[in-house]
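Input: a single structure, listed below in structure tokens.
Just the heavy atoms: all of them, side chains too, but no hydrogens, waters or symmetry mates, feed the values below.
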Amino acid sequence: MIKKWSFYTSLTIIIAFLSSGFKPFDLDSNHWFLTNKTDGVPYLFPSQKQNDYTDFNIPFTGKFFIGYKEAIALMESEGKYKKINSLGYMGKYQFGIETMKSVGIYDSTLFLNSPKIQEKAFVALLAKNKWELKDVIEKYDGTIMNGIKITESGILAAAHLGGVGTVKRYFKSNGKRYFRDAYGTSIGSYLKSFGGFDTSFIVADINANVH
């Protein structure tokens with residue numbers, strides 16, 4: 001009886017000791033974790049030196065479509081859905097009024113406040129531009145022009161920057177004419193920066209629209 005009582009007493013003490021190590025704690029009150037809020041989103045750093053974590057492994061998008069669209073968005077608006085530039089271009093991918101209309105969007109306020117619509121609009125515009133530039137893509141994809149390897153994704157990105165007509169004129173001149181937007185960004189820079197991404201799943205469609 002004494003041995004059994006001793007066994008259960010010891011077991012109770014061990015369980016209590018182990019349980020004490022799993023008590024929940026408040027991250028905000030624990031000095032080891034710092035909470036930093038950017039745009040309302042909390043981030044936790046187990047160090048007071050955030051630069052210690054610049055080498056963390058992060059998801060690598062490579063040349064997949066998600067990397068393509070986010071890279072263009074970063075260039076266009078720093079990825080901000082509600083960005084309006086000095087020329088009135090709006091959203092994450094900087095659409096003008098006429099471009100919005102071309103993919104079936106007539107309410108700019110709705111567009112500006114809907115990330116879902118903006119993402120659909122970007123894909124729809126790619127599909128429309130791919131159809132309009134199919135001859136250019138077929139002729140020049142894989143060639144070298146001005147030291148730049150021409151690819152479908154680069155051509156579509158250039159069209160997003162300057163429009164289909166500008167891209168056609170660029171290739172008609174064999175890259176000899178220098179085209180750039182109002183901020184000085186050139187067609188060639190988009191051909192180079194956004195070349196080699198996978199846009200193969202985008203189906204060419206002149207009637208593509210958000211709805």
Side-chain angles (χ1 to χ4, degrees), residues 39 59 61-142 150-172 177 179-183 185-211:
D39 295 330
T61 59
K63 291 295 183 177
F64 294 108
F65 181 72
I66 186 172
Y68 178 67
K69 72 184 189 69
E70 293 305 325
I72 290 178
L74 183 64
M75 180 71 77
E76 293 285 322
S77 70
E78 298 179 324
K80 298 176 181 178
Y81 285 107
K82 294 189 177 183
K83 176 75 175 286
I84 302 177
N85 74 7
S86 60
L87 298 175
Y89 288 86
M90 296 181 286
K92 182 177 178 181
Y93 303 101
Q94 294 292 278
F95 273 55
I97 297 296
E98 293 305 314
T99 303
M100 280 189 274
K101 290 180 180 179
S102 74
V103 292
I105 301 169
Y106 299 92
D107 187 333
S108 58
T109 300
L110 176 63
F111 173 83
L112 197 61
N113 289 284
S114 175
K116 184 176 181 180
I117 288 178
Q118 290 187 37
E119 296 296 341
K120 287 185 176 182
F122 179 67
V123 173
L125 183 61
L126 287 177
K128 185 179 291 290
N129 288 345
K130 187 171 182 176
W131 189 91
E132 295 193 55
L133 290 166
K134 57 185 179 182
D135 292 339
V136 172
I137 292 171
E138 182 178 350
K139 182 176 181 179
Y140 293 99
D141 186 26
I150 306 301
T151 65
E152 178 182 287
S153 64
I155 292 172
L156 294 177
H160 186 83
L161 173 71
V164 168
T166 300
V167 171
K168 287 183 176 180
R169 289 193 295 273
Y170 177 86
F171 282 99
K172 188 175 182 180
R177 293 187 62 184
F179 294 96
R180 59 183 180 180
D181 70 359
Y183 296 107
T185 306
S186 70
I187 290 293
S189 69
Y190 265 47
L191 286 169
K192 182 178 181 179
S193 296
F194 304 112
F197 285 88
D198 183 10
T199 53
S200 61
F201 84 97
I202 298 294
V203 178
D205 182 5
I206 188 59
N207 297 312
N209 62 68
V210 171
H211 305 294

Determine, for Glu119 against Lys69, whether the closest basic-nitrogen to carboxylate-oxygen distance falls under 4.0 angstrom.
-> yes
Please round to the nearest 0.5 Å and tell me the distance separating atom NZ of Lys192 and atom CD1 of Ile150.
-> 11.5 Å
Ser153 side, atom OG; Ile202 side, atom CD1 - distance, nearest 0.5 Å | 11.0 Å
With no hydrogens and no angle check, is any side-chain donor or acceptor of Glu132 less than 3.5 Å from a backbone partner on Val164?
-> no
Taking all non-hydrogen atoms of both residues, which atom of Ala208 and which atom of Ala127 are closest, and how far apart?
-> CB-CB, 3.7 Å
Using a strict 4.0 Å threshold on nitrogen-to-oxygen distance, state whether Lys130 and Glu152 make a salt bridge.
-> yes
Could I get the full list of salt bridge (Lys or Arg N to Asp or Glu O under 4.0 Å) partners for Lys80, not counting sequence neighbours?
-> Glu78
Nearest heavy-atom pair of Val103 and Ala124: which atoms, and what distance?
-> CG1-CB, 3.9 Å
Approximate separation, where rounding is to 0.5 Å, of Thr99 OG1 and Lys101 NZ = 11.0 Å
Separation between CE of Met100 and CD1 of Ile117, rounded to the nearest 0.5 Å = 11.0 Å
Scan for ring pair (Phe, Tyr, Trp, His ring centres under 6.0 Å) pairs involving residues 98-120, sequence neighbours excluded, and state none if there are none.
-> Phe95-Phe111
Ignoring hydrogens and angles, tell me if any N or O in the side chain of Asn113 forms a donor-acceptor pair with the backbone of Thr109 under 3.5 Å.
-> yes
Heavy-atom side-chain proximity of Ile72 to Met75 below 4.5 angstrom | no
Classify the ring geometry between Tyr68 and Phe197 as parallel (under 30°), tilted (30 to 60°) or perpendicular (over 60°).
-> tilted
Tell me whether the guanidinium CZ or amine NZ of Lys134 lies under 6.0 angstrom from the six-membered ring centre of Trp131 and within 45° of its axis.
-> yes
Would Tyr190 and His160 count as a close aromatic pair, with their ring centres under 6.0 Å?
-> no
Tell me, do Glu70 and Lys92 make a side-chain contact under 4.5 Å, heavy atoms counted?
-> yes
Side chain to side chain, Leu126 and Tyr93, heavy atoms closer than 4.5 Å = no
Looking at side-chain heavy atoms only, is the closest gap between Ile206 and Lys128 below 4.5 Å?
-> yes
Result for side chain to side chain contact (heavy atoms under 4.5 Å, CB included) between Val167 and one of Leu191, Leu161, Leu133, Leu156 points to Leu133
Looking at side-chain heavy atoms only, is the closest gap between Val123 and Phe65 below 4.5 Å?
-> yes
If you measure from CG on Asp135 to OH on Tyr140, what distance do you get to the nearest 0.5 Å?
-> 10.5 Å
With distance as the sole test, does Gln94 use its side chain to make a donor-acceptor pair with the main-chain N or O of Lys83 at under 3.5 Å?
-> yes
Could you tell me which non-hydrogen atom of Ile97 sits nearest to which non-hydrogen atom of Ser108, and how far apart they are?
-> CD1-CB, 4.1 Å
When rounded to the nearest 0.5 angstrom, what is the spacing between CG in Asp198 and CD1 in Ile66?
-> 13.0 Å
Mark yes or no for whether Tyr170, through its side chain, and Ile187, through its backbone, hold a donor-acceptor pair below 3.5 Å.
-> no
Closest heavy-atom pair, Asn207 versus Asp205, reported as atoms and distance to 0.1 Å, is N-OD1, 2.9 Å
Closest approach of Thr151 to Gly196 (non-hydrogen atoms, all atoms of both residues) | OG1-N, 2.9 Å
